[in-house]
Amino acid sequence: MHTDIVCLHVYLLSGAIDVPIVNKKLSKEFYLREDTLAVARSLIGKLIVVPEGRRRVSAMIVETEAYLGETDKAAHSFGGRRTKRTEVMYAAGGTVYVFFVYGMYHQLNVVTGPADHPHAILLRAAEPVEGVNVIRERRGKMPDKNLTSGPGKLCIALGVDKRFNGESFRGKRIWLEDFREFADGDIITGPRVGIAYAEEFTEMPWRFWLKDNPFVS
DNA sequence: CGCAGGATGGGCT
DNA sequence: GCCCATCCTGCGG
């Protein structure tokens with residue numbers, strides 16, 4: 001048996017490095033784990049792939065935030081709230097949750113855990129890897145460091161919008177792959193962003209990011 | 001570089 | 001009618 005290993009020269013600021021593209025979607029089990037904080041941490045270094053026609057467009061996740069469902073005042077599903085918008089959070093892990101905010105921006109989330117366990121992880125920032133020219137075009141005349149350094153920018157860069165809501169992260173339009181592994185010491189935790197309304201949950205260190213990566217928001 | 005202010009519309013009270 | 005898991009621009013230093 002033989003496997004094609006494609007090596008890529010990784011894009012700019014975080015340093016030049018050749019990395020194998022594994023080209024294999026993360027397993028169903030990856031998404032079904034109930035330890036949402038562990039999943040949020042393990043998403044750092046994974047590749048988000050959103051093909052454009054036959055072309056791969058991808059970015060390495062460098063920042064995530066965990067939203068822990070019914071008991072987390074910052075989560076849309078807090079208190080078991082179940083509406084048209086939040087319904088998708090009750091699906092099984094591996095489902096795409098995209099919502100619209102501030103009248104202009106989309107936010108890409110990974111639903112995690114079993115069905116009726118409405119946790120999700122916000123993908124806040126990533127580093128462009130493949131299809132960088134497609135990404136540059138979508139982002140207009142932005143300097144490279146601003147291409148994907150925030151949750152709204154990431155969605156624009158990858159072409160993600162409400163149409164992706166409810167799809168699978170193991171389908172044909174969007175998926176995640178293994179890409180790079182980082183030691184625990186390279187992953188920093190801190191409070192989540194933009195949740196001042198969440199009272200005692202505001203300062204919970206449920207945001208994870210890759211130390212010294214220039215695309216962290 | 002930092003910061004203030006505005007854009008803009010869905011979701012929910 | 002208010003809030004919001006944000007981003008960009010323009011201005012001052």
Side-chain angles (χ1 to χ4, degrees), chain A residues 13 31 36-37 39-41 43-44 46 48 59 61-91 93 95-113 117-128 135-166 169 174 176 187-210 212-217:
Chain A
L13 297 172
Y31 299 101
T36 309
L37 297 176
V39 179
R41 177 182 289 267
L43 281 171
I44 303 293
K46 303 298 190 219
I48 317 168
I61 297 169
V62 299
E63 183 181 354
T64 63
E65 279 177 1
Y67 287 85
L68 304 197
E70 287 107 325
T71 60
D72 176 6
K73 282 186 180 163
H76 293 157
S77 53
F78 173 65
R81 201 144 121 270
R82 200 159 180 156
T83 64
K84 189 162 187 182
R85 179 173 69 156
T86 62
E87 185 60 29
V88 68
M89 294 186 75
Y90 294 80
T95 300
V96 176
Y97 173 35
V98 175
F99 66 91
F100 184 68
V101 75
Y102 297 121
M104 257 181 270
Y105 299 107
H106 296 276
Q107 310 268 296
L108 174 59
N109 297 256
V110 183
V111 175
T112 61
H117 173 274
H119 290 211
I121 298 165
L122 172 65
L123 303 183
R124 283 195 61 88
E127 173 163 356
I135 290 174
R136 286 198 181 105
E137 197 161 328
R138 288 176 179 152
R139 294 285 292 124
K141 283 210 140 305
M142 280 292 162
D144 282 352
K145 67 184 173 99
N146 288 355
L147 289 177
T148 49
S149 55
K153 302 177 202 177
L154 182 59
C155 285
I156 298 168
L158 295 177
V160 168
D161 61 25
K162 281 235 102 159
R163 296 175 315 214
F164 286 72
N165 190 46
F169 266 108
I174 184 169
L176 303 181
I187 297 176
I188 317 294
T189 67
R192 296 171 292 179
V193 175
I195 55 159
Y197 58 88
E199 303 174 13
E200 74 270 27
F201 287 84
T202 302
E203 295 302 320
M204 292 299 202
W206 294 348
R207 174 180 176 223
F208 300 85
W209 67 92
L210 186 56
D212 298 330
N213 184 279
F215 290 90
V216 170
S217 68

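Only heavy atoms go into these numbers, but all of them, side chains included; no hydrogens, no water, no symmetry mates. Predicted model only: the values in this text are computed from it and were never measured. Chain identifiers are assigned alphabetically (A, B, ...) following the order of the sequence lines, protein sequences preceding nucleic acid strands; residue numbering begins at 1 within each chain.
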- Item | A:Lys46: salt bridge (Lys or Arg N to Asp or Glu O under 4.0 Å) partners, not counting sequence neighbours | A:Asp178, A:Glu181
- Task: For A:Arg138, check salt bridge (Lys or Arg N to Asp or Glu O under 4.0 Å) against everything at least two apart and list the hits.
- Result: A:Glu52
- Hey, where does DNA chain C pair up into stems, meaning at least three consecutive Watson-Crick or G-U pairs with distances under 3.5 Å? B:1-7 with C:6-12, B:9-12 with C:1-4
- Item | chain A contact limits on DNA chain B, taken 5' to 3' with a cut-off of 4.0 angstrom to heavy atoms | B:dA7 to B:dC12
- Query: Measuring from A:Asn146:CG to A:Phe215:CZ, what's the distance to the nearest 0.5 Å?
  - Reply: 9.0 Å
- Task: Could you check how far CG of A:Leu122 sits from P of C:dT6, rounded to whole Å?
- Result: 8 Å
- Task: Return the 5'-most residue of the pair A:Leu108, A:Ile156 with respect to DNA chain C, ranking by each residue's nearest nucleotide.
- Result: A:Leu108
- With sequence neighbours left out, write down each residue that passes side chain to side chain contact (heavy atoms under 4.5 Å, CB included) with A:Phe164, or none if nothing qualifies. A:Val50, A:Val96, A:Val98, A:Val160, A:Asp161, A:Glu167, A:Arg173, A:Ile174
- Item | Stacked cation flag A:Arg192 on A:Phe201, 6.0 angstrom / 45 deg | no
- Taking only residues two or more places apart in sequence, or in another chain, which ones meet A:Arg85 in a salt bridge (Lys or Arg N to Asp or Glu O under 4.0 Å)? none
- Is there a residue in residues 96-107 of chain A whose heavy atoms reach under 4.0 Å of DNA chain B, and which residues are they? A:Phe100, A:Tyr102, A:Gly103, A:Met104
- Task: Return the orientation label for the A:His117 and A:His119 ring planes: parallel under 30°, perpendicular over 60°, tilted otherwise.
- Result: parallel
- Message: Does any part of the side chain of A:Lys145, heavy atoms only, come nearer than 4.5 Å to the side chain of A:Pro214, both counted from C-beta?
- Response: no
- Spacing between A:Asn109 atom CG and C:dA5 atom P, to the nearest angstrom: 11 Å
- So which of A:Val110, A:Leu154, A:Thr148, A:Leu43 actually passes side-chain contact (heavy atoms from CB on, under 4.5 Å) with A:Ile48? A:Leu154
- Task: Evaluate the side-chain proximity of A:Ile61 to A:Leu176: yes if any heavy-atom separation is below 4.5 Å, no if none is.
- Result: yes
- Whole-Å distance separating the NZ atom of A:Lys153 from the P atom of C:dA5: 18 Å
- Item | Sequence-distant partners of A:Ala40, side chain to side chain contact (heavy atoms under 4.5 Å, CB included), two or more places apart | A:Thr64, A:Ala66, A:Ile121, A:Phe208
- Would a 4.5 Å heavy-atom cut-off, applied to side chains only, mark A:Leu37 and A:Trp206 as touching? yes
- Taking atom CD of A:Glu137 as the centre, report whether more than 12 heavy atoms of other residues, nucleotides or ligands fall under 6.0 Å from it. no
- Message: The criterion is side chain to side chain contact (heavy atoms under 4.5 Å, CB included); which residues satisfy it with A:Lys162, sequence neighbours excluded?
- Response: A:His106
Identify each atom pair where a protein N or O and an N or O of nucleotides 11-13 of chain C are less than 3.5 Å apart, giving names and distance.
none

- Message: For a quick check of understanding: with a heavy-atom distance under 4.0 Å over all strands, which category does A:Ile195 fall into, base, sugar-phosphate or nothing?
- Response: sugar-phosphate
- Task: Could you check which residues of residues 76-86 of chain A get a heavy atom under 4.0 Å from DNA chain B? Sort them by number, please.
- Result: A:Arg81, A:Thr83, A:Arg85
- Evaluate the side-chain proximity of A:Arg41 to A:Thr189: yes if any heavy-atom separation is below 4.5 Å, no if none is. yes
- Message: Return the OH to CG distance between A:Tyr97 and A:Leu108, rounded to the nearest 0.5 Å.
- Response: 11.5 Å
- Task: Check the distance between C:dA5's P and A:Glu63's CD and give it to me in whole angstrom.
- Result: 16 Å
- Query: Does any residue of residues 199-207 of chain A have a heavy atom under 4.0 Å from DNA chain B, and if so, which ones, in number order?
  - Reply: none
- Say whether A:Ser217 and A:Arg124, considering side chains only, have a donor N or O and an acceptor N or O under 3.5 Å apart. yes
- Can you tell if the side chain of A:Tyr67 reaches within under 4.5 Å of the side chain of A:Ser77, non-hydrogen atoms only? no
